[in-house]
Amino acid sequence: MKLLELQNRIKSTIGDAAREAFQIDLDQLAAEVPPRTELGDLAFPVAFELAKQLKQKTGEKRPPRTIAEALKPKLESIEFVQQVEVAGAGYLNVFFDRAKLLSALTAKSVGSPAESIDRRKLMVEHTSINPNKSAHIGHVRNSVIGDTFVRSLQAAGNRVEVQNYIDNTGVQVADVVVGFMHIENMTLDDIKKLDASLPPEEPFDHYCWDLYTRVGLFYRDGNLDGEQNPEKLKLRAEILHAIEEGNNPIAELADYVATRNVEQILDTMERLGIRYDLLARESEILHLHFWERAFQLMKERGAIHFVSEGRTRGCWVMPFESHTGTEEHESDKIIVRSNGTVTYTGKDIAYQLWKLGKLGLDFNYKPFRSYADGHATWVTTTEPNAETQPEVPRPDFGGGAIVYNVIDSRQSYPQEIVRKGVAAVVPEVGEEASVHLSYEMVALSPAACEELGIELSDEDRKRPYIEMSGRKGLGVKADDLINRLEADALAEVIARHPDLTDTEQRETAHAIAVGALRYFLLKFTRNSVIAFDFKEALSFEGETGPYCQYAAVRANSIFRKLETAELTVIDSERSHPSNAATETLSGEAGDEIWSLLMLAARLEEANSQAAASAEPAVLAKYTFNLAKAFNLFYHRHRIIAEENETKRAMLINVADYTRQQLTSALETLGISVPERM
RNA sequence: GCACCCAUAGCUCAGUUGGAUAGAGCGUUUGACUUCGAAUCAAAAGGCCGGAGGUUCGAGUCCUCCUGGGUGCACCA
């Protein structure tokens with residue numbers, strides 16, 4: 001049984017009782033965890049709300065405590081509820097029958113695992129890195145938030161499709177192509193040869209990272225603060241045009257560059273356990289005429305109109321009344337430029353409509369990459385659907401009920417326009433169907449800049465953080481950071497476990513590195529700017545992923561030892577809790593054990609809150625608190641040495657349940673538990 | 001100019017839909033390895049929740065104003 005079920009049962013009983021006694025329907029009922037164990041396992045401040053509503057309805061003033069007393073008897077008849085107390089100004093505090101609930105919670109579940117009835121498809125787009133350079137730590141925050149959100153949704157029983165948008169025909173790709181063609185004077189063959197010759201630790205995407213910053217200088221004739229040279233910008237415009245057009249040598253070259261970058265970004269993400277179902281490419285949005293269809297729909301619905309005079313003459317614009325126009329800033333958003341080309345916003349509206357299954361067109365697909373466990377990542381293509389791998393059946397892509405776009409908060413304005421544009425075309429799904437899952441950027445702490453050898457102005461030094469910049473090459477590459485984490489972890493593992501094989505040591509170090517990085521990025525809530533600091537990110541102690549992993553590893557080692565000692569769990573304690581169990585769970589010592597169990601039982605609640613609020617930090621904090629509570633328990637109780645058999649059996653039950661919940665929580669965070677560490 | 005975000009311990013951050021005595025990590029000080037592993041545990045110190053009003057049984061949380069920071073507001077993406 002899950003604690004959440006019991007909690008919901010109590011809630012509905014309270015709702016019934018309130019209706020019966022006061023003829024009041026409570027639409028939402030808050031359940032809280034009391035601040036101290038002595039105050040019970042669950043608290044309901046419902047009497048305050050009822051007092052307010054009663055006063056409004058009848059004018060009658062009733063003290064909350066009296067109301068709570070009236071509700072109390074009904075709750076006491078619920079199974080697993082031992083007693084109910086009215087406390088404070090009118091709290092209803094529920095106490096569970098500990099021994100009975102313990103056996104119910106830890107009993108092996110036989111039923112169906114995820115009984116989700118809602119089979120609507122949810123769609124999450126994340127990562128979406130411009131395929132012209134390697135991923136940096138800011139991109140990784142996007143991917144880790146997105147991936148963890150996906151895992152959270154899945155753990156809560158949802159069906160999810162993961163997309164990664166590839167802007168393979170954009171300005172940023174064009175920039176790197178300018179670099180290859182006009183700085184390096186390379187042909188496609190030269191680039192391929194270069195790619196093949198690069199060392200694994202500094203691969204093609206890293207090369208592009210450096211080249212991209214050189215292009216920035218190239219446009220400014222070598223002076224980063226200087227004006228851009230119009231002649232050189234013309235090169236970019238020409239290349240961009242050729243890429244958009246397709247079917248020419250420049251487009252072919254650009255496709256090679258973009259695809260190689262995508263492959264290596266996917267390699268980086270694979271290191272962190274992050275995968276995708278579909279890579280949706282902008283080239284197909286163009287060539288399969290998604291925009292034309294969206295344009296037609298927008299015109300039909302009157303979402304956009306043609307401007308025949310004024311500053312935006314010749315453009316198709318979308319009115320955007322919530323922002324007032326000024327001399328500098330237009331209140332209307334241009335969707336089609338006066339030269340007839342479509343803006344990014346327009347393309348994104350088309351893509352968004354497709355995602356929601358409302359465009360009336362579809363991509364063609366081909367496999368991009370498959371994994372040992374059978375997972376496959378697909379990519380969009382203009383070629384007819386090719387079932388080149390019949391053993392890998394193609395899923396139905398698109399048609400999401402709700403679409404979540406993980407995009408940093410700097411893009412909240414354009415995202416708002418996209419959302420309104422979509423809602424204007426398909427009012428029946430409305431603005432609610434597109435969710436901008438925004439998060440703040442990762443910036444660099446002044447100390448981090450110093451460590452990277454970046455010179456700061458006096459002005460910058462006073463700032464709390466410095467924004468990263470791809471154009472200036474200012475940032476921490478994801479691969480470099482992961483390498484460093486792995487090296488640090490490996491040194492520790494070798495020192496602690498010299499007996500392990502080289503492969504085992506490396507795998508363990510890898511798991512620790514992933515745990516450290518993912519947790520570091522998840523412990524901040526989404527709307528908090530992360531000022532990246534090496535010392536903090538590289539830490540394995542305190543509130544970190546490795547701390548949580550360590551707790552689980554220690555728990556597992558108890559059970560490894562138990563097996564070899566043949567001291568298995570007394571199963572009868574589970575089905576028939578004895579009086580002795582009740583006794584061990586009471587008193588101060590019992591409170592401590594019980595509070596660990598209650599915390600472990602709240603995993604489902606924590607996860608559904610994380611999923612509902614799209615805030616993975618909630619689950620990260622929960623996991624850390626559970627690990628901390630377990631470490632305390634571990635320190636206080638010698639399980640194997642415990643002589644009282646009943647007590648030992650109970651301790652084993654609690655430890656077993658806790659490690660399962662902890663492991664499961666970590667899995668949802670994308671963090672694995674190594675054998676030893 | 002307009003819109004959005006942020007301000008909580010020395011530092012970095014949590015704080016459920018408005019609920020009981022505002023929490024954690026780091027850092028500092030002091031203790032705990034003959035034990036299921038010390039990447040751990042315990043204890044101490046550390047707070048006018050940026051300021052001022054308001055809403056109510058109750059405000060770190062909601063509303064208004066102010067101060068100080070950040071980010072957007074392209075015929076870029």
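Below, chain A is the first sequence line, B the second, and so on; all start at residue 1. All values derive from a computational prediction rather than experimental measurement.
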Whole angstrom value for the distance that separates C1' of B:A20 from CZ of A:Arg65 = 12 Å
Aromatic A:Tyr439 / basic A:Arg526 pairing, under 6.0 angstrom, 45° off normal = no
If you check the A:Phe48 side chain, which of B:C57, B:A20, B:U71 turns out closest?
-> B:C57
Among B:A39, B:A38, B:A77, which nucleotide sits nearest the side chain of A:Gln411?
-> B:A77
Please list each protein N or O that sits under 3.5 Å from an N or O in nucleotides 41-47 of chain B, with the distance.
| from | atom 1 | to | atom 2 | distance (Å) |
| --- | --- | --- | --- | --- |
| B:C41 | OP1 | A:Tyr547 | OH | 2.3 |
| B:C41 | O2' | A:His635 | ND1 | 3.0 |

A:Lys52 side-chain proximity, nearest of B:C57, B:A77, B:U40 = B:C57
With rounding to whole Å, what would you report as the distance between B:A14 and B:C6 at their C1' atoms?
-> 15 Å
A:Pro35 side chain, from C-beta outward: closest of B:C57, B:A20, B:A39 = B:A20
Of all the nucleotides listed (B:C26, B:A77, B:G70), which has the minimum atom distance to the side chain of A:Tyr465?
-> B:G70
Which nucleotide in the list B:A20, B:A77, B:G37 gets nearest to the side chain of A:Pro34?
-> B:A20
Does the side chain of A:Asn556 pick up a donor-acceptor pair with the side chain of A:Arg676 at under 3.5 Å?
-> no
Now, which nucleotide makes the Watson-Crick or G-U wobble pair with B:A14, with each of the two distances under 3.5 Å?
-> none
Using a 4.0 Å heavy-atom cut-off across all strands, classify A:Leu240 as base, sugar-phosphate, or nothing.
-> nothing
Separation of B:A3 C1' from A:Lys420 NZ (nearest whole Å) | 12 Å
Find the partner of B:G58: check Watson-Crick (N1-N3 plus N6-O4 or O6-N4) and G-U wobble (N1-O2, O6-N3) distances, both under 3.5 Å, and reply none if neither fits.
-> none
B:C62 versus B:U17 - spacing of their P atoms, nearest Å = 11 Å
Please identify each residue that fulfils side chain to side chain contact (heavy atoms under 4.5 Å, CB included) with A:Leu39, with sequence neighbours left out.
-> A:Pro34, A:Pro35, A:Arg36, A:Asn93
Scan A:Ala30 against the nucleic acid and name what it touches under 4.0 Å (heavy atoms): base, sugar-phosphate only, or nothing.
-> base
Quick one: closest heavy-atom pair of A:Lys621 and A:Lys523, and the distance?
-> CE-O, 3.6 Å
Is the gap between the ring centers of A:Tyr547 and A:Phe624 under 6.0 Å?
-> yes
What string of B, S and - do you get for nucleotides 6-16 of chain B, 5' to 3', if B is base contact, S is sugar-phosphate-only contact and - is no contact with any protein heavy atom under 4.0 Å?
-> S-----SSSSB
Under 4.0 angstrom, heavy atoms only, what part of the nucleic acid is A:Glu467 near: base, sugar-phosphate, or nothing?
-> sugar-phosphate
Between the OG1 atom in A:Thr658 and the CG atom in A:Leu626, the distance rounded to the nearest 0.5 Å is 6.0 Å
Separation of A:His436 atom NE2 from B:G72 atom P, in whole Å?
-> 13 Å
May I ask you to check whether A:Tyr351 and A:Phe290 place their ring centers less than 6.0 Å from one another?
-> no
Quiz item: A:Asn93 side-chain donor-acceptor pair to B:A20 base, under 3.5 Å | yes
Closest listed nucleotide, where the reference is the side chain of A:Arg496 and the choices are B:A20, B:C75, B:G37 = B:G37
Check every strand shown and say whether A:Thr343 touches a base, only sugar-phosphate, or nothing at a heavy-atom separation below 4.0 Å.
-> sugar-phosphate
Distance in angstrom units between A:Arg638 CZ and B:U34 P, rounded = 12 Å
Touch check for A:Arg313, heavy atoms < 4.0 angstrom, all strands: base, sugar-phosphate only, or nothing?
-> base
How would you label the contact of A:Ala617 with the nucleic acid (heavy atoms, under 4.0 Å): base, sugar-phosphate, or nothing?
-> nothing
Expressed in angstrom and rounded to an integer, what is the separation of A:Asp499 atom CG from B:G37 atom C1'?
-> 12 Å
Using the C1' atom as the reference point in each nucleotide, state the distance between B:U8 and B:C75 in Å, no decimals.
-> 45 Å
Consider the side chain of A:Glu282, meaning its heavy atoms from C-beta on, and name the nucleotide among B:A39, B:A20, B:A77 that approaches it most closely.
-> B:A77
With A:Arg484 as the cation and A:Phe534 as the aromatic partner, state whether NZ or CZ is under 6.0 Å from the six-membered ring centre and within 45° of the axis.
-> yes
Starting at the 5' end of RNA chain B and moving along, which residue's nearest nucleotide shows up first, A:Ser557 or A:Glu49?
-> A:Glu49
State whether A:Tyr219 and A:Arg236 meet the cation-pi test: NZ (Lys) or CZ (Arg) under 6.0 Å from the six-membered ring centroid, and within 45° of the perpendicular axis.
-> yes
Select base, sugar-phosphate, or nothing to describe what A:Pro64 touches, counting heavy atoms under 4.0 Å on all strands.
-> nothing
Please give, in whole Å, the distance from B:U40 P to A:Phe633 CZ?
-> 19 Å
Indicate, yes or no, whether a donor-acceptor pair under 3.5 Å links the base of B:A20 to the side chain of A:Arg36.
-> no
Rounded interatomic separation in angstrom, taking CZ from A:Arg676 and P from B:G37 = 9 Å
Separation of the P atoms in B:A59 and B:G53, to the nearest angstrom | 14 Å
When you get a sec, tell me which of B:C26, B:A77, B:U71 is the closest nucleotide to the side chain of A:Met441?
-> B:U71
Please report, rounded to the nearest Å, how far the C1' atom of B:C75 is from the CG atom of A:Asn339.
-> 7 Å
Whichever of A:Tyr634 and A:Pro546 has its nearest RNA chain B nucleotide further upstream toward 5' = A:Tyr634
